[in-house]
Structures are given as structure tokens and as C-alpha cells.
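Have a look at the structure below before the remarks.
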Amino acid sequence: MSLTAAQIVFFETFGFIKFPQLLSDSIDWITDEFTQTFPGRPDIAAHDGTKRTCIVPFIDQRARMNTLLDDPRIEGIGASLLGEDFNYMGSDGNYYTGETGWHRDGYHHKYKHIKIAFYLDKLDGDSGALRVIPGSHRLDDRFGKDLTDKMRKSSELWGIAGGQVPSVTLDVEPGDILVFDHNTFHASFNGGPNRRMFTINLCQRYREEDLQELRDYIAGHARFWINRNYSETMMNTASPRRMVHLEQVMANDGHLAALTAELKKTMSEPSRG
Ligand SMILES: O=C(O)CCC(=O)C(=O)O
């Protein structure tokens, strides 16, 4: 699947796009796999609704979920927005509790990073649907810079709570797919204690001279107590086509195990997000 020129321009302009019911034919098995992945690792406690529970990398945990990366619709989104040789950067599976304040997932000037989000429950603005600020991914614009300084102070500067900041609310039904640029400001309000979602992160392939930047990004995953960026199954079952999206990270995650060992000395459990 390739995105249309209009879909690509929409994404470039606003920093997000929704694909209604794109995976409706697969959502039953995906939801079943999601449920079976939790609680998952012995070092991650079962979700009790008091705080977010997160597993990273997520689609790596079970063989069938690995294949989402090969799905022509997911691969097509990546290839259309990032180029055929895009990198899979990892994934997270979550039971969210409550709200997620306004934030960006990154501040990337050189390489485009995107998130593909699967929400497994019907959500609207009153039950935790994702909100985005259109255009906020454009770091070169004065608007984007202004938001960087001001978003954390919405009540002080604008006299409004986070939930009233002007934004687009992306209501979802299971089977819908949301995609947003990591630079896009996003948040969620009014969610319950068991909001289920997982994401797949992709980015453009890094050039040789910027590989240290890629390694620095990968280093951030040590807080999830992982020794490699991908699971053994993800790597061992990869077709040549999937391998195109794995090989640059596989060649640059050699520092992760030592960083993880170091962090385990100071953390009581893997990071929750
Ligand atoms: O659904 C949410 O609460 C927000 C998700 C989010 O912040 C993210 O995936 O980066």
C-alpha cells in the first residue's frame, strides 16, 4: 500500500493522519495477542490501574505480532512517509491510567520519526482519545518554537487547563490507525484506568555521519532493561524485506546491554514509559 500524494502532503503539513478502519480485518487477532502479551515479562508487574504499565519492545514479544512489520499497510505507511529503507525503532505496549500531559516524543531536526498508534478501545475526547496540535511538528516555524516554550505553562500563560488547549481530538474505533510525527505535540485527557494501546516507531535511515545520533537514541531504551533493541524472534524470523528495516539498528545497538546493566543497579523496575 502506498499513501496518496494528498495523504503525504496532509501529514507533512499537519504532523498527523488518521486511517479509519485500516486494520479492521486484523483487529481481533491483534487484540487477542495484545492481551496475551501482558503481563509478559517477569520483571513487569501486572497492571493494577494505578499507573501506566508499559512493555518495550512490544510487537517483538510474540511471533504473530512481529509480522505487523511485514503487513503491507504498515510497511506502506513507513515507506511512503520515510522512504523504502526506513528503520523500525521499537514499539511500546501500554495499559494507560488517566491522562497523558502535552508533550512531544522527540525534537528531531534532521530525520523524520513517526509513531503508528493502535488504540484497542473506542475512545473520544471524554474517554482518553489522543489529541494533537496540528502543525506543531514544524520546528523551523515560529509557531513550533513558540509552543516549545509555552506548552508547559498553559494555565499560567493562557489561563486554561491542558484539556482546553486548542487541538484536534482523534476519536477512534478499534481497527483505526493513527500516525503522528514524533515532533507533534500530543496528549490525552479523561481516560480511564485501563486504556489499551500500542505503538510502532519508525524513522528515516540515518546517514553514516549521523550514526552516533542513532546510537544515542537507542541508548534511551536501556531504561526498559533490554540488551538488544529487538527481540530474538523479531531478528531470527525476519525475511530479507523485514531485515531492511532492522539492519541499521542491529548494527548500532552494541552498547545497549552495558547501559542496561548499569541502570539496573539504580532502578527498581523497568521504566513505565
Ligand atoms: O494515548 C496517550 O495517552 C498518549 C500516547 C503517547 O503519548 C505516545 O504514545 O507517545
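The figures that follow rest on heavy atoms only: side chains count, while hydrogens, waters and symmetry mates do not. Everything numeric in this text was worked out from a predicted model, so none of it was measured. Start at 1 with the first residue, then count along the sequence.
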- Query: Less than 4.5 Å apart, any side-chain heavy atom of L3 and any of M1?
  - Reply: yes

- H113-Q204 side chain donor-acceptor pair, cut-off 3.5 Å: no

- Output yes when a side-chain donor or acceptor of N252 lies under 3.5 Å from a complementary backbone atom of L211, and no otherwise. no

- Message: Quick check on the hydrophobic clustering: are V56 and M250 connected, directly or via other members, by side-chain heavy-atom contacts under 4.5 Å?
- Response: no

- Query: Rounded to the nearest 0.5 Å, what separation is found between the NE2 atom of H137 and the CG atom of N183?
  - Reply: 8.0 Å

- Message: Just verifying a value: how many Å separate L123 CG and S188 OG, rounded to the nearest 0.5 Å?
- Response: 7.5 Å

- Item | Same apolar cluster: Y95 and L130, side chain cutoff 4.5 Å | yes

- Message: Is the distance from the ring center of F118 to that of F34 below 6.0 Å?
- Response: no

- Is a donor on one side and an acceptor on the other found under 3.5 Å between the side chain of R196 and the backbone of L120? yes

- Task: Can you spot which of L170, D181, T169, L178 makes a side chain to side chain contact (heavy atoms under 4.5 Å, CB included) with V132?
- Result: L170

- Taking C-beta and beyond as the side chain, do Y96 and Y119 meet within less than 4.5 Å on heavy atoms? no

- Query: Does F10 belong to the same Ile/Leu/Val/Met/Phe/Trp/Tyr cluster as L202, with side-chain heavy atoms less than 4.5 Å apart forming each link?
  - Reply: yes

- Please test D121 against V172 for side-chain contact (heavy atoms from CB on, under 4.5 Å), starting from the C-alpha separation and ending with a verdict. CA-CA 8 Å; D121 302 289; V172 275; over 6 Å; no

- Message: So which atom in S136 and which in L147 form the shortest heavy-atom distance, rounded to 0.1 Å?
- Response: CB-CD1, 3.6 Å

- Message: Is any side-chain heavy atom of I133 closer than 4.5 Å to one of M151?
- Response: yes

- Answer yes if the ring centres of F11 and F16 are under 6.0 angstrom apart, and no otherwise. no

- Taking Y111 for its side chain and R207 for its backbone only, find out whether a donor-acceptor pair lies under 3.5 Å. yes

- Query: Are the charged groups of R241 and D70 less than 4.0 angstrom apart, N to O?
  - Reply: no

- How close do C54 and I44 get, heavy atom to heavy atom, and via which atoms? O-CD1, 3.7 Å

- Message: Quick check: is V9 connected to I77 through a chain of hydrophobic side chains (ILVMFWY, heavy atoms under 4.5 Å apart)?
- Response: no

- Distance in Å, I27 CD1 paired with D25 CG, rounded so as to fall on 0.5 Å steps: 9.5 Å

- Query: Do N94 and R52 meet the criterion of a side-chain donor-acceptor pair at a distance under 3.5 Å?
  - Reply: yes

- Indicate yes or no: at least one non-hydrogen side-chain atom of H182 is less than 4.5 angstrom from one of C203. no

- Query: Does any N or O in the side chain of D48 come within less than 3.5 Å of the main-chain N or O of T50, such that one atom is a donor and the other an acceptor?
  - Reply: yes

- Are any side-chain N or O atoms of R223 and backbone N or O atoms of G220, one a donor and one an acceptor, separated by less than 3.5 Å? yes

- Message: For the backbone of I226 and the side chain of T260, can you confirm whether one donor and one acceptor N or O come within less than 3.5 Å of each other?
- Response: yes

- Mark yes when over 12 heavy atoms from residues, nucleotides or ligands other than E84 sit less than 6.0 Å from its CD; otherwise mark no. no

- Query: Any chance the side chains of Q21 and D176 put a donor and an acceptor closer than 3.5 Å?
  - Reply: yes

- Item | Pair E12 + K112: basic N to acidic O under 4.0 Å | yes

- Message: Around atom NZ of K122, are there more than 12 heavy atoms from other residues, nucleotides or ligands closer than 6.0 Å?
- Response: no

- Does any N or O in the side chain of Q7 come within less than 3.5 Å of the main-chain N or O of T4, such that one atom is a donor and the other an acceptor? yes

- Message: Which heavy atom of A161 sits nearest to which heavy atom of S154, and what is that distance?
- Response: C-OG, 3.9 Å

- Using only heavy-atom distances, determine whether the side chains of T237 and R242 contain a donor-acceptor pair under 3.5 Å. yes

- Query: Would S127 and R195 count as having a side-chain donor-acceptor pair, cut-off 3.5 Å?
  - Reply: no

- Could you walk me through whether T148 and R104 pass the side-chain contact (heavy atoms from CB on, under 4.5 Å) check? CA-CA 9 Å; T148 304; R104 291 180 163 123; 2.5 Å; yes

- Query: Is there a side-chain contact between F58 and I55, using heavy atoms and a 4.5 Å cut-off?
  - Reply: yes

- Item | Steps toward side-chain contact (heavy atoms from CB on, under 4.5 Å) verdict (Y206, E213) | CA-CA 8 Å; Y206 278 57; E213 209 181 303; 3.9 Å; yes

- Item | Test item: P174 and T31 side chains (from C-beta on) under 4.5 Å apart, heavy atoms | no

- Quick one: does W158's side chain get under 4.5 Å of K153's, heavy atoms only? no

- Are the ring centres of F180 and H186 closer than 6.0 Å? yes

- Message: Exactly one of I116, D92, I59 should register a side chain to side chain contact (heavy atoms under 4.5 Å, CB included) with F198. Which one does?
- Response: I59

- Message: Please check: side-chain N/O of D124 versus main-chain N/O of D126, any donor-acceptor pairing under 3.5 Å?
- Response: yes

- Is the shortest distance from a Lys or Arg side-chain nitrogen in K150 or D146 to a carboxylate oxygen in the other one below 4.0 Å? yes

- Item | Euclidean distance, I177 CD1 relative to I74 CD1, rounded to 0.5 Å | 5.0 Å

- Task: Measure centre to centre between the rings of H245 and Y88, then say whether the value is under 6.0 Å.
- Result: no

- Note on the structure: Note: R131 and S167 closest approach over all heavy atoms is CB-OG, 3.8 Å

- Check: Q212/D216 side-chain N/O donor and acceptor closer than 3.5 Å: yes

- Item | Side-chain donor/acceptor of W102 to backbone N/O of R152, under 3.5 Å | no

- Message: I want to check something: taking the side chain as every heavy atom from C-beta on, are L68 and I200 in contact at a cut-off of under 4.5 Å?
- Response: yes

- Message: Looking at D253 and N229, would you say the former's side chain and the latter's main chain have a donor-acceptor pair under 3.5 Å?
- Response: yes

- Stepwise side-chain contact (heavy atoms from CB on, under 4.5 Å) check, I114 with L82: CA-CA 9 Å; I114 66 169; L82 306 167; 3.7 Å; yes

- Identified side chain to side chain donor-acceptor pair (under 3.5 Å) counterpart of Q36 within the set R62, Q61, R64: R62

- Query: Nearest 0.5 Å, what's the CG-NZ distance between L259 and K264?
  - Reply: 12.5 Å

- Query: If you look at every heavy atom in S2 and S80, which pair is closest and at what distance?
  - Reply: CA-OG, 3.6 Å

- Query: Do NZ/NE/NH1/NH2 and the carboxylate oxygens of R205 and E247 come within less than 4.0 Å?
  - Reply: yes

- Minimum-distance pair of heavy atoms, taken over all atoms of E75 and L69: CG-O, 3.8 Å

- Look up atom NE2 in H255 and atom CD1 in I218, then write down how far apart they are to the nearest 0.5 Å. 5.5 Å

- Treating Ile, Leu, Val, Met, Phe, Trp and Tyr as nodes and any side-chain heavy-atom pair under 4.5 angstrom as an edge, say whether F185 and V168 lie in one connected cluster. no

